[in-house]
2 protein chains.
Amino acid sequence: MGQDTGRPAGDIFHDFIAAKGFKMTSQRMHILDVFLKKEGHLSPEELYSTVKTKYPSIGRATVYRVLKLLKEAGLANQVDFGDGYSRYEHKYGHAHHDHLICVSCGKAIEVVDEEIEKLQEKLAARYGFALEGHKMDLFGLCPACLQKKKS
Amino acid sequence: MGQDTGRPAGDIFHDFIAAKGFKMTSQRMHILDVFLKKEGHLSPEELYSTVKTKYPSIGRATVYRVLKLLKEAGLANQVDFGDGYSRYEHKYGHAHHDHLICVSCGKAIEVVDEEIEKLQEKLAARYGFALEGHKMDLFGLCPACLQKKKS
DNA sequence: ATGACTGCAAATGTTTTGCAGGTTT
DNA sequence: AAACCTGCAAAACATTTGCAGTCAT
């Protein structure tokens with residue numbers, strides 16, 4: 001389901017850009033590159049400063065613009081943990097997943113539960129909705145923080 | 001589970017304010033009043049303009065500050081549909097619930113599925129997490145919009 | 001009286017946009 | 001050449017904060 005391990009992300013992006021009649025530029029490739037190397041959920045600002053260290057001439061606005069393109073191209077996912085700014089995670093090589101977030105240390109791990117997915121479908125159907133997607137974030141204490149709290 | 005139909009929201013707020021050593025003011029009561037009358041999910045800005053029509057002298061900052069207090073007092077819930085600004089819903093008389101949101105008309109309805117709740121617990125436990133809460137939003141087309149799309 | 005609260009305007013922090021010049025097709 | 005892109009700085013957002021004056025306790 002939605003696993004695209006077949007084609008390199010660069011190709012997907014390239015095709016997307018071409019299909020839209022846009023142009024491939026070095027900045028766009030560099031940003032995608034840095035983005036793909038970073039696992040996890042990063043804010044535009046984090047991505048910007050990482051990009052900046054390698055390619056100092058790239059501007060902040062370009063990072064925001066490319067992030068939007070990546071989202072449109074289906075390579076990035078915009079997530080929101082409700083802490084003020086958005087974060088992006090790359091979808092490339094990642095199947096759909098939800099999040100288990102530690103409220104103490106902030107670490108987030110990716111989870112899936114097929115049974116829950118099915119029940120969501122059924123729940124939506126019960127209200128006559130045609131489900132298109134969902135966002136599920138579970139908040140709690142991770143094992144490590146749980147341990148610390150005991151002391 | 002978390003249903004507080006017993007005491008008026010005003011009392012709860014009053015007690016909370018007193019317990020904190022804060023002061024009850026007309027602005028705070030007015031804002032709570034307007035907030036409680038509005039069902040659904042409203043942004044601070046929406047609440048502000050509604051408040052403004054009835055009490056023109058109340059300032060924007062006060063609305064934001066009261067919203068924060070209501071959240072602390074357990075009377076309001078901050079939700080985030082990922083569209084740029086936060087929204088608040090009142091918890092008073094509402095048990096925990098998730099959301100089913102129409103991607104076309106934006107309407108959101110409240111849903112609960114006990115079976116899903118249980119599975120979330122189990123899922124978290126599987127990773128050693130002590131679950132404290134969750135956020136689940138399902139996106140899709142509501143029956144009405146589904147109908148329109150067919151034409 | 002004291003300490004909290006208010007409205008305003010200014011400040012903040014994130015994201016977007018206008019523009020002049022540079023690049024890709 | 002044409003259309004698109006870029007970096008920059010300014011603008012646009014939602015939200016927060018500093019302040020001088022006001023009000024609840």
Side-chain angles (χ1 to χ4, degrees), chain A residues 10 13-35 41-73 76-88, chain B residues 10 13-35 41-73 76-88:
Chain A
F13 194 37
H14 226 95
D15 290 359
F16 169 81
I17 291 289
K20 284 275 186 177
F22 295 158
K23 283 153 191 186
M24 184 48 71
T25 65
S26 61
Q27 288 94 327
R28 287 178 176 177
M29 293 189 313
H30 291 332
I31 293 171
L32 172 59
D33 240 49
V34 173
F35 180 60
H41 312 88
L42 68 171
S43 64
E45 218 54 35
E46 283 165 345
L47 179 59
Y48 171 59
S49 64
T50 309
V51 164
K52 203 76 181 171
T53 62
K54 247 188 148 171
Y55 310 98
S57 66
I58 292 181
R60 172 182 276 105
T62 303
V63 172
Y64 276 90
R65 287 188 275 233
V66 171
L67 234 19
K68 237 181 183 169
L69 285 174
L70 292 175
K71 186 179 161 188
E72 258 194 272
N77 230 351
Q78 192 170 7
V79 295
D80 193 332
F81 295 160
D83 55 351
Y85 35 73
S86 26
R87 298 164 180 289
Y88 288 81
Chain B
F13 193 37
H14 225 95
D15 290 359
F16 169 80
I17 292 288
K20 284 274 187 177
F22 295 158
K23 285 153 190 183
M24 183 48 71
T25 65
S26 61
Q27 289 92 327
R28 286 178 176 177
M29 294 188 313
H30 290 332
I31 293 171
L32 173 59
D33 240 49
V34 173
F35 180 60
H41 312 87
L42 67 173
S43 64
E45 217 55 33
E46 283 165 345
L47 179 58
Y48 170 59
S49 64
T50 309
V51 164
K52 203 76 180 168
T53 61
K54 247 187 148 171
Y55 309 98
S57 66
I58 292 180
R60 171 181 277 106
T62 302
V63 172
Y64 275 89
R65 287 189 275 234
V66 170
L67 236 16
K68 238 182 184 167
L69 285 175
L70 291 175
K71 186 179 163 188
E72 258 194 272
N77 229 353
Q78 192 171 7
V79 296
D80 193 334
F81 296 159
D83 56 351
Y85 34 73
S86 24
R87 299 165 181 286
Y88 288 81

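We name chains A, B, ... by the order of the sequence lines, and we start the count at 1 in each one. Bear in mind the structure is a predicted one, so any value in this text is a computation, not a measurement. Reckoned from all heavy atoms, side chains included, excluding hydrogens, waters and symmetry mates.
- Rounding to whole angstrom units, CG of residue A:Leu67 and P of C:dT15 are separated by 9 Å.
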message = Show, in sequence, the C-alpha distance, side-chain angles and deciding distance for B:Phe13 and B:Met24, and conclude whether the side-chain contact (heavy atoms from CB on, under 4.5 Å) test is met.
response = CA-CA 9 Å; B:Phe13 193 37; B:Met24 183 48 71; 3.8 Å; yes
query = Taking protein heavy atoms under 4.0 Å as touching, what does nucleotides 18-25 of chain D look like 5' to 3' if B marks base contact, S marks sugar-phosphate-only contact and - marks none?
reply = B-----BS
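- If you measure from atom CZ of B:Phe16 to atom C1' of C:dC5, you get 15 Å, rounded to the nearest angstrom.
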key: Test side-chain contact (heavy atoms from CB on, under 4.5 Å) applied to A:Val34 and A:Leu47, step by step   = CA-CA 8 Å; A:Val34 173; A:Leu47 179 59; 3.9 Å; yes
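- Distance OH (B:Tyr85) to P (D:dT15): 9 Å, rounded to an integer number of Å.
- Of all the heavy atoms in A:Pro44 and A:Ser86, the pair that sits closest is CD-O, 3.2 Å.
- Whole-Å rounding puts the B:Ile58 CD1 to C:dC5 P distance at 15 Å.
- Rounding to whole angstrom units, CE of residue A:Met29 and P of D:dT6 are separated by 11 Å.
- The interatomic distance linking A:Lys20 (NZ) with D:dA3 (C1') rounds to 16 Å, in whole Å.
- Backbone-only contact: A:Arg28 has heavy atoms under 4.0 Å from sugar-phosphate atoms and none from a base.
- Inter-residue side-chain proximity for B:Glu45 and B:Tyr64 is flagged as met; some heavy-atom pair is nearer than 4.5 Å.
- Within residues 41-51 of chain A, no residue has any heavy atom closer than 4.0 Å to DNA chain D.
- At distances below 3.5 Å, not a single donor-acceptor pair connects side-chain atoms of A:Arg28 with backbone N or O atoms of A:His14.
- For C:dT16, the OP1/OP2 oxygens have no side-chain nitrogen or oxygen of A:Tyr64 closer than 4.0 Å.
- Two residues, B:Gly59 and B:Gly21, neighbour DNA chain C, and the one matched to the more 5' nucleotide by heavy-atom proximity is B:Gly21.
- For the pair B:Gly59 and B:Tyr48, the tightest heavy-atom approach, listed with the atom from each and the gap, is C-CE1, 3.6 Å.
- Inter-residue side-chain proximity for A:Val51 and A:Phe35 is flagged as unmet; no heavy-atom pair is nearer than 4.5 Å.
- Considering every non-hydrogen atom in both B:Glu46 and B:Thr50, the closest pair reads O-OG1, 2.9 Å.
- Proximity of A:Tyr55 to A:Ile31: side-chain heavy atoms (C-beta onward) are nowhere separated by under 4.5 Å.
- Separating the CD1 atom of B:Ile17 from the C1' atom of C:dG3 is a distance of 14 Å, rounded to the nearest angstrom.
- When the P atom of D:dT6 is taken as reference, atom OH of A:Tyr55 falls 14 Å away, rounded to whole Å.
- Here A:Lys68 lies in heavy-atom contact (under 4.0 Å) with sugar-phosphate atoms only.
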